[in-house]
Each structure stands twice: as C-alpha cells, then as structure tokens.
Amino acid sequence: MTRKIQAVKGTREFYPEQMYLRNYLYEKVRAASQAFGYQEWDAPFIESLELYAAKSGEELVKRQSFTFQDRGGEYVTLRPELTPSLARMIAARQNELIFPVRWWSFGPCWRYEQPQKGRTREFFQWNVDLLGVDTPEADAELIAVAAEFLRSVNLKPSQASIQVNDRRLMESEFNRLKLPASSRLGLSNLIDRRSKTEPDQWDNDVLELGVNQTQLSGLKELLEDFSMWEKSESLKRLFSALDSIGVSEYVSFNPSVVRGLLYYTGTVFEAFESGGSVRRSILGGGRYDRLLEDVGGKPLSAVGFAMGDVVVGIILQEAGLIPEFRASTASVLVTVYDQSSMTASLMAASELRKAGINTLVYNEPSKYPRQFKYADRMKIPIVVVLGPEEIMRRNVTIKALNSGEQVSCPAADMVEKIRSMLAEGN
RNA sequence: GAGCCUGUAGCUCAAUGGCAGAGCGCCACACUGUGGAUGUGGAUGGGGUGGGUUCGAAGCCCAUCAGGCUCCCCA
C-alpha cells in the first residue's frame, strides 16, 4: 500500500452525500434570491493581491489570505470574499448597468485561518447585494431575503433570528454620552464580543479606552435598551417594512450588534442560532455606502450580506433539517438475469429513459439477491425484472421496494405502469 | 501567531506499561428468479506519521501531521 496523501488542511471533500447538502443549499439560496428578483453573477476565483490591499485590512491580506506568486512573478490571491470583486465589476460598468442592481452569488472563497468547528479554509459563500437604493426599505429587503432563506430551510424564528442595529443610531448615542472619538473603534470591537467576555473584565476593558464611570454605565444602559430603535426614523421605517413583507418574526433589534467591519455605514445585521452548538453567526451584512468610491467608482449606495455554507450546514444537520439523501438519481433499476437477456434489459432501460424516467441497469449478470440489495441500498424505489419467463411471454415484472408490491404486465405497458407507481409515491 | 484536548477495524468507541477487543456496518450461508427482518458463520488493524525510553509501548517522552476547544481575527 502506498502512502496516503491527505486532503489539504481546512478543506472538505464532497462525497455524494455532502454534495447533496451543498446542492441543497445552492437550491435554497437561489430560490430566496430569485424570489426577490436578484440576478446570479460570479467573479474570478483568483484575483490580484492589489484588489484586497486597497481596501481590506493588513491582517487579512498578510495573515488570512492564500497569496502566492504566479510563474510570471505576479502576486495573486484566492479570493477571501466577494465584495471587492463586486465593487470593481460594478465600477467598471457603472455607466451601463441598470440600477438598482440586484445581484447574488454562491461560490468558493478561501481564508488561511485555523480550522475549527464552523470554520474551514475553503468554503462557499452566498452573497446578496442591492446597489443604488438608499432607503430603509432597501435594507429591509436584504434582511427579508435572508429571512426567507431561513424560512425555506425550515429554521423557525425560535431557532434562528436576525438581529439588527444601525451604526448611525449608535453614533448619535455615542455623541450623547460624549464618548471620546478616539475610543469608538475600540468600543465597537468590545461591544461586538461583550457576550463572550466576563462582565468585570469587560468593564475594565472599556475603562482602559479612556471612558469614565458615568459614560460606562450610560453605555451599559444603552446596550440593554431594546426599544432604542424607536429613536431612529430609519429603523422605524425598516421594521415597518419588514412587517409588511411578512418576515418580522425573524427579526429583532439588538443594540449589541455592531459588526467589526470598517466599511459599514448604516444598518448592520447578523443572524444567529438560538441555543445551538455553533457560537458563530450564520450570516451578516449591512449598508456600505462608501465602498464604491473607495475603489475608484462614483459614489453609490449599497447594502448586502454574506453567508458561509459551513455554519448553516452544521446547524441544519444538528437540527435534523436536511432532507433524506437519495443515494441514486435513478427511479428504476432494471435487473439482468444472464448474458442472453442483457439485450432485453438494456433496451427496456432505454425505453424508460426515453420516457423521462431515470433508469439504471445492473449491467453484469448477477444473482437477484445481489441486484435487489443494490437497489435497496441505493434507495432506488422500483426494480424491473426481465428474465427468461418475462421475455418468453413479452412481459415485465415490476416491484416497488417501499411497499413490496409486485406486478407483472405486458412489456408494452411498462412505462405507463411505472409512471403510475412513481406517481403513487413509490 | 499562542495555549489546551484528541487520533485504536469502514463508523462509534473500550482495554492498571504485559496475548488489541465490542457494538454497528460489511461479506457468506439458511433463501439455487427477489432487497429490508431473523439466525449462523466469516473477514478486516504495520494503533495518524517518524524517532526515543523500556525486558516489553496503543498507553510514557520528543517531533510532526490532522481534527476539536479557546485566544486572535472575522471580509
């Protein structure tokens, strides 16, 4: 036995069963995106390093990206996210695109990080973006797309929810508390991870940023104030829109959601699982009105979110929400009695395929127990038996494995009979 | 980039430093034209990898790889 070569650290192998989950997610994100009229797009998987160096933090580029020199000496990067590519592509055609632009994408991204539960180095990311509309209703639409997805995979509001805040509201509250401007970035980071820090430790961390006791208690009061959104006209409109769209049961206001990213300028939101084993967010996004000009385009308002496939995949698995894996794509297995009946079996299978029925032939003469067992394990619901007796009488025998029902009929009626058996739910 | 835990049959896991095991799965037969259920029997391991200590290592030590839990970071 030769030495086994392992898969690269942090990658996943997609055996048919995992591929099934991946395609299931793809199907659901497509449906949610298209329900709101979004168009699918994609960008190159490899981009030049400069694209990220321009906007993304140094941390990301230097430590968390797969970057290497190609044979021509150019530095290229496996895309760690989609937004910079989106910004470039929008900027390149800013004068010819039909705005507002509604785009979605589902494709692979790479980050050089320590793999943990819910975090791999290679993952698929669903991105949804709306560019060219600056209204609370636009923000609500994005949140609704996300909520519609959660609903479509049968996650109930009690299992997963989207929590919303607005940076402009937080900014005005910070002003009210007269928090020093220099401390605000650090404060946002602390707010972000307040839930996983010991309370005393957290207070200390805040005070170290040059905040006084009065401001600290004001800040804590503000983070407990779940009706603070009523102070914001745009959040009021946002929640009212979510109500009209019919997804408000999935959405709530949370003053602790600020998100680490620098480029968000208004509404921010993040979806979490309630009480599960994964302590990571399912998806996150917000309004980023300055990104386009930052990459050299004309100013353009934008709102979007991204969801990785890993966390949501684990959540669905643990909640038992993944539909049963159907091993074979075939609805029918045609057995082969012996070499002399092979032709009849191949022809019968071909007839079924012409009728649009996915059919597999067990194309070596084998004992029936083996062939039936194969059909059973591959979850093929119907087995056609075409042995010497059937051939002599111009019959076929059809067995539905789920019910165990077995019938014989003239070969000419085979397609019709199988159709009706499949329609009965076999 | 840092700390800690784990790695034994296809899977889930046992075994005071002293003969490497169980359940499930798999294969065969009972059932020579029919899957699942039941019964009986059977196969499978250079113990993640490479060194070291020891009369003797799955276990102890070192290194390394992978997974997991934190920190960090989260585009």
Side-chain angles (χ1 to χ4, degrees), chain A residues 1 3-13 15 47 51-65 77-87 109-121 123 125 127 129 188-189 192-193 196-197 201 258-264 270 277-286 288 291 304-308 310-311 314 333 335-338 341 362 365-392 395-406 408:
Chain A
M1 179 95 89
R3 195 166 150 265
K4 280 183 204 159
I5 309 276
Q6 300 187 74
V8 170
K9 178 172 181 165
T11 61
R12 292 166 296 165
E13 298 178 301
Y15 286 84
E47 293 276 14
L51 179 66
Y52 306 101
K55 183 60 199 166
S56 309
E58 211 166 290
E59 172 80 16
L60 165 60
V61 176
K62 287 202 171 146
R63 275 182 46 198
Q64 294 183 268
S65 68
T77 300
L78 292 175
R79 65 183 191 191
E81 58 163 329
L82 231 45
T83 309
S85 305
L86 173 77
C109 294
W110 294 264
R111 293 179 196 175
Y112 196 83
E113 296 188 285
Q114 283 312 310
Q116 299 175 22
K117 187 174 191 179
R119 190 161 78 181
T120 57
R121 287 185 171 179
F123 54 94
Q125 194 168 282
N127 278 259
D129 291 276
S188 296
N189 284 330
D192 217 15
R193 66 184 115 106
K196 25 183 186 174
T197 314
Q201 180 63 47
V258 289
R259 300 195 42 79
L261 276 178
L262 291 172
Y263 58 59
Y264 289 120
E270 205 159 352
S277 73
V278 195
R279 290 176 57 82
R280 299 180 182 284
S281 63
I282 300 171
L283 58 88
Y288 53 99
L291 190 62
F305 72 86
M307 178 185 84
V310 182
V311 169
I314 293 171
L333 172 88
T335 57
V336 173
Y337 182 77
D338 61 14
S341 70
Y362 200 98
S366 226
K367 291 177 186 168
Y368 276 134
R370 178 179 287 276
Q371 300 191 44
F372 272 80
K373 189 163 190 171
Y374 182 78
D376 182 48
R377 296 178 63 187
M378 294 297 285
K379 297 197 167 67
I380 299 168
I382 289 182
V383 174
V384 169
V385 177
L386 198 45
E389 282 184 32
E390 285 85 0
I391 291 172
M392 191 176 68
N395 267 358
V396 292
T397 297
I398 304 167
K399 180 165 184 177
L401 293 194
N402 291 337
S403 61
E405 178 198 1
Q406 178 166 316
S408 284

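Fair warning: this is a prediction, and the values are worked out from it, not measured in the lab. So that the names make sense, note that chain A is the first sequence line, chain B the second, and so on, each numbered from 1.
Using C1' as the reference atom, A2(B) and G18(B) are 40 Å apart when rounded to the nearest Å. A20(B) and U8(B) are spaced 8 Å apart, taking the C1' atom of each and rounding to whole Å. A gap of 26 Å separates the C1' atoms of C74(B) and U6(B), to the nearest Å.
Searching all strands for a Watson-Crick or G-U wobble partner of G59(B) with both distances below 3.5 Å returns nothing. Checking U53(B) for Watson-Crick or G-U wobble geometry (two distances, each under 3.5 Å) identifies no partner in any strand. The partner of G33(B), taking Watson-Crick or G-U wobble pairs whose two distances both stay under 3.5 Å, does not exist in any strand shown. When both pairing distances are held under 3.5 Å, U12(B) makes a Watson-Crick or G-U pair with A22(B). Using Watson-Crick or G-U wobble geometry with both donor-acceptor distances under 3.5 Å, G1(B) finds its partner in C71(B).
Rounding to whole angstrom units, CZ of residue R377(A) and C1' of G35(B) are separated by 11 Å. Here the P atom of nucleotide C27(B) and the OH atom of Y374(A) are 13 Å apart, to the nearest Å. Spacing between atom CZ of R280(A) and atom P of G68(B) amounts to 10 Å, rounded to whole angstrom units. If you measure from atom NZ of K367(A) to atom C1' of C27(B), you get 12 Å, rounded to the nearest angstrom. The separation between E405(A) atom CD and U34(B) atom P is 19 Å, rounded to whole Å. If you take CD of E113(A) and C1' of U70(B), they are 15 Å apart, rounded to a whole angstrom. Summarising the geometry, the separation between CD1 on I314(A) and P on G67(B) is reported as 13 Å, rounded to the nearest angstrom. Between the P atom of U34(B) and the OH atom of Y362(A) lies a distance of 15 Å, rounded to the nearest Å.
For E389(A), taking side-chain heavy atoms from C-beta onward, the closest of the listed nucleotides G68(B), G33(B), G35(B) is G33(B). Residue K399(A) places its side chain closer to U34(B) than to any other of C69(B), U34(B), G33(B). Here the nucleotide nearest the side chain of P388(A), chosen from G36(B), G68(B), G33(B), is G33(B). Closest to the V385(A) side chain, of the nucleotides U34(B), C73(B), G68(B), is U34(B).
Among the heavy atoms of the strands, none lies under 4.0 Å from Q125(A). Residue contacts for Q406(A): at a heavy-atom cut-off of 4.0 Å it reaches a base atom on one of the strands shown. Heavy atoms of G304(A) sit nowhere under 4.0 angstrom from any nucleic acid atom. Here E270(A) lies out of heavy-atom contact (under 4.0 Å) with every strand. The residue G404(A) sits close to a base: some heavy atom pair falls under 4.0 Å.
Within the 4.0 Å cut-off from OP1 or OP2 of C27(B), at least one side-chain nitrogen or oxygen of K373(A) is found. Dashed line: the shortest gap from a side-chain N or O of R370(A) to OP1 or OP2 of A28(B) is under 4.0 Å. Put simply, K9(A) has a side-chain N or O that comes within less than 4.0 Å of OP1 or OP2 on A66(B). Taking 4.0 angstrom as the limit, R119(A) places none of its side-chain polar atoms (N or O) nearer than this to OP1 or OP2 of C73(B).
Interatomic distance, E113(A) CD to Q64(A) CD, rounded to the nearest 0.5 Å: 4.5 Å. Here the straight-line distance linking atom CD1 of I382(A) with atom CD of Q406(A) works out to 12.0 Å at 0.5 Å rounding.
For the pair D338(A) (side chain) and S341(A) (backbone), a donor-acceptor distance under 3.5 Å is present. The backbone N or O of E81(A) lies less than 3.5 Å from no partner atom in the side chain of R111(A), so there is not a single donor-acceptor pair. For the pair Q125(A) (side chain) and A306(A) (backbone), a donor-acceptor distance under 3.5 Å is absent.
In terms of heavy-atom proximity, P388(A) sits nearest to Y337(A) at CD-CD2, 3.3 Å.
With its glycosidic angle within 90° of 0, G46(B) adopts the syn conformation.
Between the base of G67(B) and the side chain of Q114(A) there is no donor-acceptor pair shorter than 3.5 Å. A donor N or O paired with an acceptor N or O is found under 3.5 Å between the base of U70(B) and the side-chain atoms of Q116(A).
The neighbour count for Y374(A) OH, taken as heavy atoms of other residues, nucleotides or ligands under 6.0 Å away, does not exceed 12.
By the 5.5 angstrom centroid cut-off and the 30-degree plane limit, Y368(A) is classified as not stacked against the base of U34(B).
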Nucleotides 3-6 of chain B: which of its N/O atoms have a protein N/O under 3.5 Å away?
none

